Amino acid sequence: MMEAPVRVRYAPSPTGYPHVGNIRTALFNWLFARHSNGKFIVRIEDTDTARTVPGAVETILESLEWLGMDWDEGPDKAGDYGPYFQSRRIEFYRLAAEKLVKKGDAYHCYCSSERLEEMRAGQVAAKMPPGYDRRCRDLTDEERQACIAKGRKSVIRFKGPKGGETTFSDVIRGEVTFENRTIDDFVILKADGFPTYHLASVVDDNKMLISHVLRAEEWISSTPKHLLLYRSLGLEPPLFAHLPMILGPDRSKLSKRHGAVSITQYRDEGYLPQAMVNFLALLGWSLDDKTDIIDTETLVKNFSLERIGKTAAVFNREKLDWMNGVYIRSLDIEDLSTRALPFLEKDLPGSVERPLDFEYVKSVMPLIQERARTLGEIPGLTYFFFISEIDYEPELLIGKKMNRDITLQALKASLESLEKPGSFSRDELESCLRPLAEKLGLKAGQLFGTLRVAVTGLTVAPPLFETMAVLGKDKCLERMRKAVLKLSSVESE
RNA sequence: GGCGCAUUCGUCUAGCGGCCUAGGACACCGCCCUCUCAAGGCGGAGAUCACGGGUUCGAAUCCCGUAUGCGCUACCA
């Protein structure tokens, strides 16, 4: 038997920003498609008119693009099985629903939402499993006509079998069985003529020739509904693989409460797409017992459904930060600078003149490359390179086992030897300053610490000589003179 | 409540009957390097493999229960 070509889909509903869990599902679909030389299809499930958010589709697509997930068919990428918005495929669903009604596998239900709500409340109060009581399941023609005459709106419900069981073999979990009597007479077509997820996904997955449905674990219990639908419609179901969920630190379903959950937020905080892809891929999938840093190409080459785990994974922000740092360190300076630029433009103090000098930015990047875990941290790590006036407490100038006068003396001596004409290169600075410390009877660290504060305003900063070289002679001398002034205003002990 | 899924270091995971006195990574601790902070190197601590029964010469790995967690239980996806 010929294997059907792999065709998988990512089917988000445009109800807001794409969640990292959702994106992880997209990623697994994409990786599987690319690995198998198959097709990756994006289908927008906009069947809930009330919850649809304008602009959400754009954000979803942007997110996929940002992460490098390209699609073969989807919005603005016409294929042979479009349209790729469910709201434009209403006819297909209507036809399918009517076919089921005609077959006797579905029926019109005229119950009001009020009645349904009441019914459910009663069931819950009576500790009964909530579910539709099938009142409209066996309506006579007269009763039905009466409802129609009264102008009652109807939905179409699937007529679930009363007995037997439905079994399927999940690619990841193996055999899963449900008793049919536990399956409700679920709605397939809503009163507004839109389908529910169950009908729409079945119809579309079939029409779009989807071979594997890779979706989140929370869908596992509605899979029998889908199977029942396939059977009634006389269609061959695809293979199902239910992916483990992504949890917050408290092990509950990841949500806004847990901080960043939308993928765009990670982009805005300065995570690199490669790092994000790598990290997300490892949430539920593994290459082997020791590899953590895996580029996208390797991911595609080695991805397989067999190595997807079954257990829900906690989204571990600290590991993401570490991994993002690894990727930042792997960038060349040009690339890093280009990526850092928007963050600098955005977060540097308003007093800093824009646009920034790109060459200058390039000269400071090597100093923070191994210190930044996200691009968003870069402005905070480098602002003293850009602002004209640094601000700090004069006491910071006085290092360990030093006092005001010793510090003042050290500063003045440094000034004196640096003011001499000559290059201000890293090596030059070192060969000037190191002996000077000794001459002053100070440890190198003591002198350097004082100078670090004088020149950056910080006790924690990149290496001193490199920093001074990038800052330049004029600026350094100026800041050191200011330091002398600041310190002079401090009272001597 | 019903149904379903899951259960290996704090976290992500390796493990698909003997290689496991359970391996790697993040985080943590110590040492080295060092002008601070990082990065890097080395080392450490950390999992009676949820629990209880089986099966087997042998189980983290197979089976059955129990517990716990999570998901679904909408005219939401």
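Here is how names work: the chains are called A, B, and so on, in the same order as the sequence lines, proteins then strands, and each is numbered from 1. Please read all numbers here as calculations on a predicted model, not as lab measurements. Below, each value reflects all heavy atoms present in this structure, side chains not excepted, and no hydrogens, waters or symmetry copies.
Among the protein residues, Asn316(A) comes within range of the nucleic acid bases, having at least one heavy atom under 4.0 Å from a base atom. Note on Arg307(A): only backbone sugar-phosphate atoms sit closer than 4.0 angstrom, heavy atoms only; bases stay farther off. Looking at heavy-atom distances under 4.0 Å, Gly309(A) makes no contact with the nucleic acid at all. Looking at heavy-atom distances under 4.0 Å, Ser201(A) makes no contact with the nucleic acid at all. Heavy atoms of Met128(A) sit nowhere under 4.0 angstrom from any nucleic acid atom.
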Please list, for nucleotides 66-68 of chain B, all pairs of protein and nucleotide N/O atoms separated by less than 3.5 Å.
none

Report, one pair per line, the protein and nucleotides 60-65 of chain B atoms (nitrogen or oxygen only) whose separation is under 3.5 Å.
none

Are any protein N/O atoms closer than 3.5 Å to N/O atoms in nucleotides 75-77 of chain B? If there are, list each pair with its distance.
| residue | atom | partner | partner atom | Å |
| --- | --- | --- | --- | --- |
| rC75(B) | OP2 | Arg157(A) | NH2 | 3.4 |
| rC75(B) | O2 | Ala191(A) | N | 2.9 |
| rC75(B) | N4 | Cys111(A) | O | 3.2 |
| rC76(B) | OP2 | Lys190(A) | NZ | 2.8 |
| rC76(B) | O2' | Asp48(A) | OD2 | 2.9 |
| rC76(B) | O2' | Arg51(A) | NE | 3.2 |
| rC76(B) | O2' | Arg51(A) | NH2 | 2.9 |
| rC76(B) | O2 | Arg51(A) | NH2 | 3.4 |
| rA77(B) | OP1 | Thr47(A) | OG1 | 2.8 |
| rA77(B) | OP1 | Lys190(A) | NZ | 2.7 |
| rA77(B) | OP2 | Tyr197(A) | N | 3.2 |
| rA77(B) | O3' | Glu45(A) | OE1 | 3.0 |
| rA77(B) | O2' | Ser13(A) | OG | 3.3 |

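On the P atoms, rG4(B) is 12 Å away from rG65(B), given to the nearest whole Å. Taking the C1' atoms as reference points, rC33(B) lies 13 Å from rA38(B), given to the whole Å. Remark: the separation of the C1' atoms in rG23(B) and rC49(B) is 13 Å, to the nearest Å. Nucleotides rG53(B) and rU11(B) place their C1' atoms 32 Å apart, quoted to the nearest Å. Rounded to the nearest Å, the gap between the C1' atom of rG10(B) and that of rG71(B) is 24 Å. With C1' as the reference atom, rA77(B) and rC63(B) are 37 Å apart, rounded to whole Å.
Here rU13(B) presents its C1' atom at 14 Å from CZ of Arg24(A), a figure rounded to the nearest Å. Put simply, CG on Leu227(A) is 14 Å from C1' on rG4(B), counting in whole angstrom units. One atom, CD of Glu114(A), and another, P of rA74(B), lie 16 Å apart when rounded to the nearest Å. Between Glu175(A) atom CD and rG4(B) atom P the separation is 13 Å, expressed in whole Å. Here the C1' atom of nucleotide rC12(B) and the CD1 atom of Ile308(A) are 16 Å apart, to the nearest Å. Here rU11(B) presents its C1' atom at 12 Å from CG of Asp292(A), a figure rounded to the nearest Å. Distance, Leu254(A) CG to rU11(B) P: 16 Å, rounded to whole Å. A straight line from CE of Met245(A) to P of rC12(B) spans 13 Å, rounded to a whole angstrom.
Here rU73(B) is the nucleotide among rU73(B), rG71(B), rU13(B) with the atom lying nearest to any side-chain atom of Pro130(A). Each of rU11(B), rA14(B), rG4(B) was ranked by its minimum atom distance to the side chain of Ile220(A); first place goes to rG4(B).
The ring pair (Phe, Tyr, Trp, His ring centres under 6.0 Å) test applied to Phe315(A) returns Tyr266(A), Phe279(A), not counting sequence neighbours.
No side-chain N or O of Thr382(A) forms a donor-acceptor pair with one of Arg371(A) less than 3.5 Å apart. Side-chain N/O atoms of Ser425(A) and Asp427(A) include no donor and acceptor closer than 3.5 Å.
Using a distance-only test at 3.5 Å, with no hydrogens or angles considered, no donor-acceptor pair links the side chain of Ser232(A) to the main chain of Leu229(A). In terms of modelled atom types and a separation under 3.5 Å, the side chain of Arg88(A) and the main chain of Pro83(A) share no donor-acceptor contact. No donor-acceptor pair closer than 3.5 Å links the side chain of Thr52(A) to the backbone N or O of Asp46(A).
For Lys473(A) and Phe424(A), the positive end is not near the middle of the six-membered ring at less than 6.0 Å and at most 45° from its axis.
Nucleotide rA39(B) has no partner under the Watson-Crick or G-U criteria, as no pair reaches both atom distances under 3.5 Å. For rC19(B), there is no paired base (Watson-Crick or G-U wobble, both distances below 3.5 Å). The pairing partner recorded for rG71(B) is rC3(B), the criterion being a Watson-Crick or G-U wobble arrangement whose two distances lie under 3.5 angstrom. Nucleotide rC28(B): paired with rG44(B) (Watson-Crick or G-U wobble, both distances less than 3.5 Å). Figure legend. rU66(B) is base-paired to rA50(B); pairs are counted as Watson-Crick or G-U wobble with both atom distances under 3.5 Å. If you check rU61(B) for Watson-Crick or wobble pairing at under 3.5 angstrom, you find it has no partner at all.
Taking 4.0 Å as the cut-off between side-chain N and carboxylate O, Glu117(A) and Arg120(A) do not count as a salt-bridged pair. For the pair Asp170(A) and Lys310(A), the salt-bridge criterion is not met [side-chain N within less than 4.0 Å of a carboxylate O]. Between Glu370(A) and Arg329(A) there is no salt bridge, since none of the side-chain N atoms of the basic residue sits less than 4.0 Å from a carboxylate O of the acidic one. A salt bridge does not link Asp185(A) with Arg157(A): every distance from a Lys NZ or Arg NE/NH1/NH2 to an Asp or Glu carboxylate oxygen is 4.0 Å or more.
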* To do: Evaluate the side-chain hydrogen bond (donor to acceptor under 3.5 Å, both in side chains) criterion for residues Asp48(A) and Tyr197(A): first the C-alpha distance (whole Å), next the side-chain angles of each, then the deciding distance (0.1 Å), finally the verdict.
  => CA-CA 9 Å; Asp48(A) 186 340; Tyr197(A) 173 85; over 6 Å; no
* Asked: Passes salt bridge (charged side-chain N to carboxylate O under 4.0 Å, His left out), Asp292(A) versus Lys319(A)? Steps please.
  -> CA-CA 10 Å; Asp292(A) 280 296; Lys319(A) 186 157 182 175; 3.3 Å; yes
* To do: Go through the steps to decide whether Arg231(A) and Asp105(A) satisfy the test salt bridge (charged side-chain N to carboxylate O under 4.0 Å, His left out), and finish with yes or no.
  => CA-CA 10 Å; Arg231(A) 198 172 64 189; Asp105(A) 283 346; over 6 Å; no
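Centroid-to-centroid, the aromatic rings of Tyr10(A) and Trp30(A) stay 6.0 Å apart or farther. Side-chain rings of Tyr327(A) and Tyr271(A) stay apart, their centers remaining 6.0 Å or farther from each other.
For the pair Lys290(A) and rC12(B), the criterion of a side-chain N or O lying under 4.0 Å from OP1 or OP2 is not met.
Atom CD of Glu98(A) sits in a crowded spot, with more than 12 heavy atoms from other residues, nucleotides or ligands closer than 6.0 Å. Few gaps surround CZ on Arg115(A); more than 12 heavy atoms of other groups in view lie less than 6.0 Å from it. Under a cut-off of 6.0 angstrom, the local environment of CZ in Phe386(A) is crowded, with over 12 non-hydrogen atoms contributed by other residues, nucleotides or ligands.
Remark: Leu282(A), Leu283(A) in residues 271-283 of chain A come within less than 4.0 Å of RNA chain B through at least one heavy atom.
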* How would nucleotides 27-40 of chain B be written as a contact map, 5' to 3', with B for base contact, S for sugar-phosphate-only contact and - for no contact, using protein heavy atoms under 4.0 Å? -> S-------BBBBSS
